[in-house]
Amino acid sequence: MTAALQDVPAQDAPAAVRVFGLRRAYGPRVVIDRLDLTIRRGEFVALLGESGCGKTTLLRALAGLDPIDGGRIEAPKRPAVVFQEPRLLPWDSLWRNVALGLPAEGAREKAAAALAEVGLGGRLDDWPRNLSGGQAQRVALARALVQQPELLLLDEPFAALDALTRIRMHVLVKDLVARHRPGVLLVTHDVEEAIALADRILVMRGGAIAAEHRPSVPGLPAATRATLLAELGVVDDLKSA
Amino acid sequence: MTAALQDVPAQDAPAAVRVFGLRRAYGPRVVIDRLDLTIRRGEFVALLGESGCGKTTLLRALAGLDPIDGGRIEAPKRPAVVFQEPRLLPWDSLWRNVALGLPAEGAREKAAAALAEVGLGGRLDDWPRNLSGGQAQRVALARALVQQPELLLLDEPFAALDALTRIRMHVLVKDLVARHRPGVLLVTHDVEEAIALADRILVMRGGAIAAEHRPSVPGLPAATRATLLAELGVVDDLKSA
Amino acid sequence: QSTAFAAADTRNTDTVRLTWGFHGLTLIAKERGAFEKALAEKGIKVEWLGPFPNHAPTLQAVTGGSADFGFGGSTTPALAAIIAGSPLVFSQFVLYEPRTTAIIAKDGSGIDKVSDLVGKSVAVNRSGLGEFLLVAALEKNGIDRSKVKFVYLNPPDAAPALASGKVDAWSMWSPGVDIARLEYKAHDIFLEGRDLDFYIDYSSYVTSRKFSQENSQIVRAVAAAYEEEAKWVNANVVEAETIVQKRAGYSDVIRDQFIERRRTYKLIPVTDKAFVADLQKAADWLVARKILPEPITVSDHLAQF
Amino acid sequence: MSQADHTVTLALPGLAAGGSAAPARGPRVFGPRALLALSWLAPVLLVLVWEILAQTGYVTPQVLPAPSKVVRTAWRLATIGSLPHDLGTSLLRAAVGFVLGGSIAFVLGILVGFSRLAEALIDRSVQMVRAIPFLALLPLVIVWFGVGEGQKIFLVALGVAFPIYINTTLGIRQVDGKLLELGRVQGLSTWQMITRIILPGALPSILTGVRYSLATAWLALVVAETIGAQAGIGFLAMDAREFLRTDVVVLTIVIYALIGVVADSIARLLERRLLAWHPNFGGAAR
Amino acid sequence: MSQADHTVTLALPGLAAGGSAAPARGPRVFGPRALLALSWLAPVLLVLVWEILAQTGYVTPQVLPAPSKVVRTAWRLATIGSLPHDLGTSLLRAAVGFVLGGSIAFVLGILVGFSRLAEALIDRSVQMVRAIPFLALLPLVIVWFGVGEGQKIFLVALGVAFPIYINTTLGIRQVDGKLLELGRVQGLSTWQMITRIILPGALPSILTGVRYSLATAWLALVVAETIGAQAGIGFLAMDAREFLRTDVVVLTIVIYALIGVVADSIARLLERRLLAWHPNFGGAAR
Ligand SMILES: Nc1ncnc2c1ncn2[C@@H]1O[C@H](COP(=O)(O)OP(=O)(O)OP(=O)(O)O)[C@@H](O)[C@H]1O
Ligand SMILES: Nc1ncnc2c1ncn2[C@@H]1O[C@H](COP(=O)(O)OP(=O)(O)OP(=O)(O)O)[C@@H](O)[C@H]1O
Ligand SMILES: [Mg+2]
Ligand SMILES: [Mg+2]
């Protein structure tokens, strides 16, 4: 257990992001409606929800990438974002991709360190097109982590990773949270992952936060797991089919 | 349990694909070396392995997309493939994307049925750019399933799906296997998924098949799970960190 | 001298900007250098602008103020430009003999006289001497213009058209017509100097009205220098033709033809009343045939100096 | 919380709609109407300044006649003169040449973009011919095609061909290789491959080629109509130039400019229609 | 197993290397060497046929002199004549005009591709000017620039500007909106946005514009050098045309064609260098 690294943020830690009554629609399709959310610095929040329920839309709104149709968002100017796709610049080498946006001074060293941490230390000067799916995703993660932001928005950053690599990446992210204490919002479909990582787990449904859990505080992770799966509509019977 | 749908293929079912001593290198980087593999019609094979170990490379070779540097592949001319990314044509509506390659006659109906099965029945004429990550992945899956191929190659097709949707997709694929009996090769990082779906689980390491399991035949799935995780390098301690 | 009755003696510049092309006096004057020396003696610096491919752009340059003199081309475009409103005046006229503009056809084409042109196509340069000559030739032979097909072609394009039989005849000036006659084995059907008893078109130097008023001294000096140049050319035909050939690059045979013809230049001051009357007649001829759009009084557009 | 580090994003529709819809473009301060009006600002301003300069005598009419004079000339030529006939003749030539040259170039472009063999066989020759100016080619064209319509249409076709050819090959090279792989996997025939994947993917570039060549067609006519033409805008221009009819020369320039605007509108319309799926081309804001 | 349904993929390096490296292109039957040789086939064949036709008297030398005659003329002009001087003069003009026009067009293209406001203000005017033929502009250019070098360089710059402008805006529109979003999220400055994302993304199109305009520069010179030039290839051509020197005319055509080849090679070199990352441009097979 690495729980020692992970202090539950005090109720009075400064907020990394605040959302009040957010509304977002694509034309007639209302995706987010009256959503409230606060994430404090140092807090790790996981976001679960059915495919297409609006998780990415929420993240994009927090990152200031989309206009919103109602409500209010208070967010830092520059959160770090891992998009659902890797979004590497095909014309830049890996280290330049990771260093994108860093001040030129010492950029290569920082990028090299970050790439080593995600297990790609030997491929600083390789092209993105030569990467496997999981490798590209790790480069995108490295790019976000070197930013050392106040708010870290992760959209399924581990989806293409095998179990072992995934655990390594978990450690990396938790490390960053412990050191720089950003607020983290992690979108994931893996309930185990949410339980293992998050201070707070949110379930999104109908355009708003439908449920909230604190796996580390009361009860057992196992109980949380069953509740969460039920909330996501999975009957345990089916799951083992 | 839907085990009734899923007959273990007879040892003498015709082969959907055969690979002998396959070798594939990108320049000096040898990714696949002396790999042998046979998948029979109706057989469901899951492929596990560390990120970057060569799973996609193997799939591409089987699909005839890449040249190979040694060995021999006997594969049907037209396997159906779900790539690691959705690869939707941005200029075509969803139903046209799904119908790509179908004979024009009745294409729209077939595509509509397939889209309904993956939960996107209402969005036949929508553009791909309006989809969420998981929705796009489901369209790609629908596109492969309508092909009714002899060999179905799936590269992490469920990675962006939530637990419930994922289970629904599992049912869809198993259904197709039961009806048309293609050979299936499924790349996944989810050990549970592999156990739940596959007749045979392969672990890839060092460019070849390092281990093989038949979860449905001997012992308990739980035992298989522990063995597999160990083979993938995960110590159970770490996993729960 | 033409400067007999100077109205005023004005000048507000040291430099005169002359345009030049690959023919006639301007080229020889520019190549020989005596012209510049003569003007330098009067404190006038010569700036040569060019070469220009034909007359119209030089008129544009003078009208637009980027040059002071035209390069001694045909009067018709100058008259047209004046009618269109360009503030140009004639400063000097040039008459060269023999006149060599001609209508030619290939040997063995069965076209030997103007009446053979009926039903044939003839290449002419639009609104130029070639077109006028064809019109005059047809009129002289009583043939209606509609019986002959006028094909508008610039000289460089007309040559291959004639050579490959895409047109049956070509109405054109020197030296193009001379080169073509020799190279494509063609013969004259109608030769201006021989078959036409009046002039349609002369050569002329033009300047802007403003320049002629503000720099009458220079206009006078330039006219005098061209007269000197013409005198030299008339006296040194062989050298003059060789200078032209060197720049133009045509064959010795053609040059020798020109030498043989002893082409001479006669410069006529704008004060020559008889000449101006002839030019007026030519202008009226062009107006009557709708080649010039409006009547014009030539004497209103002469440099006053 | 530390307000200094934070920006407050208000619920304004100030940002471009839909992340990828107009990403590089800053906040949309002007609506589409305003932008349309703005786009006519520069041309209208130019005409106004020009009229004022001409009226005040700052530019002499022989150098640049006033717009009002040009309009009068246009009116005169249109009513008693041959302007409509000239315009019609040129339009027809441009259209025929465009269709001919465009289709040939398109096919060649597809071949070259598609196959390295075709590229080796064709591309170098095309690049050579492309560099030869029309004026220099004229004698040969006359010998081959005579001095009739054939020659003019040939020149237009030639002028149209190059932009379409080059941008078609460019477009095909820019088609995402991953989608081509997809086409192979889905068992598309060569024809389906072209119509379902290559053409749609290359369309933005191809339409740029079309946009370019719509103007080129007219430019080619200027040269073509100096030869054996009895009507046409190029003929009108040449004639006027020869006689220093500055007002007619400027009129032809204005006609060319207007044709440029029309050609451009056609190209934009095509883009809006055919690239509706493309976030940066088909957007309603254009 | 049913062999009928199966194809045997042998271990041949027959397929294009690396899935996305050359996807649409069929099996590589010819190596790069063979393709290079093939690409010269058509031009060489053309010259051979032409020589034979000329030697047998099928085409008259006044219309099309034999290649051997043209080579002799070239040699003569190069040794005792002015060819090197003409070529040098034209090259210099082309280079200066190219740099001037290219940079202005590039900046305008970036502005217009980047901002709808700039598009509204600039684009229509550019499209209008683009449609005006050089020949029609010549009188105005003479008035503005006189008949010196200025006028020639201006015309070259003008001719170069349009392809670069158009393809720069095209390229910027084709830049993936997702990468622009990434740039915003990473907090890039406008300058970094342009240099790190927009330019690299637009480069394939921009280079096609460069490739196009390298030839246009020369075409513009032909018109520019008909007036007030004493040297230059365009001057040589005009001069020869005026005096019906068919061999020199054809020589200038050949020179233009060769310049086309050189310009094309430069463009390809640039593509190979600058687009090394691009699977369809930078590949070693080109
Ligand atoms: N640009 C768009 N235009 C119209 N509809 C859109 C657009 N982007 C997303 N949507 C729709 O909005 C809904 C929410 O999309 P979003 O991408 O936020 O889902 P998500 O929760 O991230 O799903 P996933 O887990 O599959 O990634 C979906 O139904 C999607 O189809
Ligand atoms: N085009 C290429 N050129 C060079 N190396 C490549 C290329 N494509 C893949 N590789 C390398 O080959 C190895 C295997 O890649 P592959 O995509 O098969 O991995 P994978 O098992 O699918 O991984 P993942 O689970 O992350 O998708 C990786 O190390 C990758 O970096
Ligand atoms: Mg999403
Ligand atoms: Mg993979």
Side-chain angles (χ1 to χ4, degrees), chain A residues 56 59-67 75-104 107 110-111 114 125-133 136 139-140 142-155, chain E residues 16-25 110 113 116 168 171-208 210 270-286:
Chain A
T56 299
L59 240 72
R60 291 178 54 85
L62 297 187
L65 289 172
D66 281 347
K77 260 195 225 88
R78 274 195 58 193
V81 183
V82 175
F83 291 96
Q84 206 166 350
E85 333 81 43
R87 298 205 186 178
L88 303 182
L89 302 178
W91 45 78
D92 272 341
S93 61
L94 295 192
W95 82 261
R96 281 178 62 85
N97 261 290
V98 171
L100 186 71
L102 290 186
K110 279 188 206 156
D125 294 307
D126 210 345
W127 296 112
R129 68 160 184 241
N130 293 347
L131 294 184
S132 80
V139 174
R143 181 176 57 198
L145 296 187
V146 286
Q147 299 287 321
Q148 310 194 341
E150 264 174 67
L151 176 62
L152 184 58
L153 302 170
L154 305 171
D155 202 348
Chain E
S20 60
R25 293 156 173 246
I110 288 182
R116 281 194 198 284
T168 302
I172 290 176
R173 295 241 168 87
Q174 287 185 322
V175 172
D176 188 351
K178 296 190 166 179
L179 297 183
L180 294 172
E181 268 183 14
L182 171 72
R184 266 170 73 193
V185 159
Q186 298 293 111
L188 300 195
S189 66
T190 305
W191 175 247
Q192 287 175 315
M193 204 79 172
I194 292 177
T195 53
R196 292 295 301 271
I197 299 188
I198 295 179
L199 285 196
L203 210 53
S205 289
I206 294 176
L207 285 182
T208 296
V210 168
L270 282 176
E271 281 181 0
R272 256 207 308 278
R273 275 287 168 89
L274 299 176
L275 301 180
W277 56 271
H278 198 298
N280 298 344
F281 284 90
R286 285 173 58 82

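Letters A, B, ... mirror the listed sequences (proteins, then strands); counts begin at 1.
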Task: Gap between atom CD1 of E/Ile198 and atom CG of E/Leu203 - 0.5 Å precision - done: 13.0 Å
Open item on the list: Can you tell me which portion of A/Leu153 sits under 4.5 Å from chain E's heavy atoms? Options are side chain, backbone, both or neither.
Closed with: neither
Task: Which atoms of A/Pro128 approach chain E - backbone, side chain, both or neither, heavy atom under 4.5 Å - done: neither
Open item on the list: Looking at A/Asp155 and A/Arg60, is any side-chain nitrogen of the basic one under 4.0 Å from a carboxylate oxygen of the acidic one?
Closed with: no
- [ ] Report the C-alpha distance between E/His278 and E/Glu271 in whole Å, list the side-chain angles of each, state the deciding distance to 0.1 Å, and finish with yes or no for side chain to side chain contact (heavy atoms under 4.5 Å, CB included).
- [x] CA-CA 9 Å; E/His278 198 298; E/Glu271 281 181 0; over 6 Å; no
Task: chain A contact via E/Ile197 - side chain, backbone, both or neither, heavy atoms under 4.5 Å - done: both
Task: Interface moiety of E/Leu188 toward chain A, non-hydrogen atoms closer than 4.5 Å - done: side chain
- [ ] Mind ranking A/Leu100, A/Asp92, A/Leu102, A/Val81 by heavy-atom pairs under 4.5 Å with chain E and telling me who comes out on top?
- [x] A/Leu100
- [ ] With a 4.5 Å cut-off on heavy-atom pairs, point out which of A/Pro90, A/Ala63, A/Ser93 contacts chain E the most.
- [x] A/Pro90
Task: Set of side-chain hydrogen bond (donor to acceptor under 3.5 Å, both in side chains) partners for A/Asn97, sequence neighbours left out - done: none
Task: With sequence neighbours excluded, residues passing ring-ring contact (aromatic ring centres under 6.0 Å, His included) with A/Trp127 - done: none
